[in-house]
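Whatever order the structure lists ligands and atoms in, that order sets their numbers, starting from 1. If you're wondering where the values come from, they're calculated on a predicted model, not measured in any experiment. FYI, the numbering just counts along the sequence from 1.
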Amino acid sequence: MALIVQKYGGTSVGDTERMKNVARRCLAAQQAGHDVVVVVSAMSGETNRLLKLVAQITDRPDEREQDVVVATGEQVSIGLVAMAIQAQGGKATSFLGHQVRIVTDSTFSKARIKSIDAQPIRQALSKGHIVVVAGFQGVDEEGSVTTLGRGGSDTTAVAVAAALSADACEIYTDVDGVYTTDPNMVPAARKLERIAYEEMLELASVGAKVLQIRSVEFAMKYKVPLWVKSSFTQDPGTLVCEEDKSMEDVLVRGVAYDRNEAKITICGVPDVPGVAAKIFGPLDEKHIVVDLIVQNQSREGRTDLTFTVGKSDFLKAQEVVREAVKDIPVSGIETDDNVAKVSIVGVGMRNHSGVAARMFTALSAEGINIQMISTSEIKVSCVVHSKYTELAVRALHTAFGLDQPLPPEGATTVSETAALKGEKV
Ligand SMILES: Nc1ncnc2c1ncn2[C@@H]1O[C@H](COP(=O)(O)OP(=O)(O)O)[C@@H](O)[C@H]1O
Ligand SMILES: N[C@@H](CC(=O)OP(=O)(O)O)C(=O)O
């Protein structure tokens, strides 16, 4: 007998028929002898609908109150799923975030989980109940409702799995696993049997929305075996797990894109110590996450500083920057939200050179101009005009051989390795 945490996303609970399907799956897992905790998201489109209501009231919502509104979508889902289980003869209890003390910090709209009280969940399980927990929401030390950022139910599920020392956490969604790229954009995308935590973390952080970044961080930290599966098929899905030697043989595991970033350039910044701190310090104080940063060699003591932020922080970031540069003699601020970031990820990059060059060649062959570049040990990202997103993703998918059937698990891609062996990117 195992303890399994299953998470069903918005599409999987998109209507009452789908909720009945979720109930059937949970009951099947329980009948197979497992203790089952199920984390559910709001019905698909519901969180966006709630955010639109907020926008109809104000374009500068108080973040605490906005969380009070958007957290309600999950409340509807847990009650309906619990009742669907009961209607099929099972026992079920639903819990809101605060009822299982999912305590977070007070960063409304992107709060971080600090602790979870597993006791009420264990108690309900011991009575033979399937426990249905609201994803995406928590409560801060003051008792205010908080939310964990878009896609946050994944993080709830993995955090609950870690708190319960569950045997597995299964994320059920509308695709049957993690693919080499978004299968809804590139039909040639291929499903991966396994992917290393680190690769999944990079893919999620560069836009593959199949898992929320923090859910992968939790899984990696607490070594939770994490499965991505379809709620509509019996496919075994993809296992996100520890890296092993065979994974390094594949150069690029996946291609991702992110249309959710916007670019800010501060022109003519004086090239003297302390200026970057004066700009990025206030952004940090406002909890604005800055992604790529590029600063060029200065000419005549001045340089341009370009960085990207999430689109939801774009207006706030512009205000913060304007305020921050009041005392700095800069020559102007330029903004652009018609950008997208395309990225390639793979642990195999650690041991191979030429990967970035191959990426740039593939983009240039399609006439795509690269605006910014960023690399890590296992990732290369390029910011391009947003109109090229799909073209860039398809070109990279082809250029790194991902359109071809994947080699069987454990097989080495010898020609690739031989051709590219050498220094790092
Ligand atoms: N590499 C990838 N593998 C699988 N799905 C991906 C990938 N990159 C992006 N996706 C997208 O993630 C979607 C699933 O995430 P999401 O819509 O948040 O599901 P849910 O509502 O179930 O949480 C898929 O429909 C797919 O379009
Ligand atoms: N309802 C939240 C939380 C969530 O995780 O949703 P989904 O599982 O559908 O991505 C959102 O829309 O972001």
Would you check, one step at a time, whether the test salt bridge (Lys or Arg N to Asp or Glu O under 4.0 Å) holds for R49 with E46?
CA-CA 5 Å; R49 188 185 73 83; E46 181 61 11; 2.9 Å; yes
Using a strict 4.0 Å threshold on nitrogen-to-oxygen distance, state whether [X] and [Y] make a salt bridge.
{"X": "R322", "Y": "E319", "value": "no"}
{"X": "R394", "Y": "E390", "value": "yes"}
{"X": "E202", "Y": "R253", "value": "no"}
{"X": "R350", "Y": "E243", "value": "yes"}
{"X": "K223", "Y": "E242", "value": "yes"}

Where is the nearest protein heavy atom to [atom]: which residue, which atom, and how far?
{"atom": "atom 24 (C) of ligand 1", "value": "D174 OD1, 3.5 Å"}
{"atom": "atom 21 (O) of ligand 1", "value": "G10 N, 3.2 Å"}
{"atom": "atom 7 (C) of ligand 1", "value": "D182 CA, 3.7 Å"}
{"atom": "atom 3 (N) of ligand 1", "value": "Y179 N, 2.9 Å"}
{"atom": "atom 18 (O) of ligand 1", "value": "K209 O, 3.7 Å"}
{"atom": "atom 19 (O) of ligand 1", "value": "T173 OG1, 3.1 Å"}

The single option from D235, D176, T180 passing side chain to side chain donor-acceptor pair (under 3.5 Å) against K191
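Checked D235, D176, T180 against K191; only one passes side chain to side chain donor-acceptor pair (under 3.5 Å): D235.
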Can you spot which of Q212, K7, R214 makes a side chain to side chain donor-acceptor pair (under 3.5 Å) with T155?
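So the option named by the test is Q212.
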Any [X] heavy atom less than 4.0 Å from ligand 1:
{"X": "K7", "value": "yes"}
{"X": "G177", "value": "yes"}
{"X": "S12", "value": "no"}

Once you restrict to heavy atoms under 4.0 Å, what part of [X] touches ligand 1? Side chain, backbone, both or neither.
{"X": "A256", "value": "neither"}
{"X": "T181", "value": "backbone"}
{"X": "T11", "value": "both"}

Non-hydrogen atoms closer than 4.0 Å to ligand 2: which protein residues do they belong to? List them by chain and number, please.
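K7, G9, G10, S41, A42, T47, E74, F136, R150, G151, G152, S153.
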Ring-plane angle category for F280 and F307, please: parallel below 30°, perpendicular beyond 60°, tilted otherwise.
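Ring orientation, 0 to 90° scale: perpendicular.
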Pair N369, H385: side-chain N/O donor-acceptor within cut-off below 3.5 Å:
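Checked: N369/H385 side chains show no N/O donor-acceptor pair below 3.5 Å.
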Looking just at side-chain N and O atoms, do H287 and T107 make a donor-acceptor pair shorter than 3.5 Å?
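No, because no side-chain N or O of H287 sits under 3.5 Å from a partner of the opposite role on T107.
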Ignoring angles and geometry beyond distance, decide whether [X] reaches within less than 3.5 Å of ligand 1 through its nitrogen or oxygen atoms.
{"X": "T180", "result": "no"}
{"X": "D154", "result": "no"}
{"X": "A208", "result": "no"}

For the CZ atom of F95 and the CD1 atom of I121, what is their distance to the nearest 0.5 Å?
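It is 7.0 Å, given to the nearest 0.5 Å.
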How many angstroms lie between CZ in R150 and CZ in F136, if you round to the nearest 0.5 Å?
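If we round to the nearest 0.5 Å, R150:CZ and F136:CZ are 6.0 Å apart.
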By number and element, which atoms of ligand 1 are closer than 4.0 Å to a non-hydrogen atom of [X]?
{"X": "N184", "result": "24 (C), 25 (O), 26 (C), 27 (O)"}
{"X": "V178", "result": "3 (N)"}
{"X": "V210", "result": "4 (C), 5 (N), 6 (C), 12 (O), 15 (O)"}

Is S381 reaching over with its side chain to a backbone N or O of K341, donor-acceptor style, under 3.5 angstrom?
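Not confirmed, S381 side chain does not pair with K341 backbone.
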Please answer whether the main-chain N or O of T147 pairs with a side-chain N or O of D67 as donor and acceptor at a distance below 3.5 Å.
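Yes: the side chain of D67 pairs with the backbone of T147.
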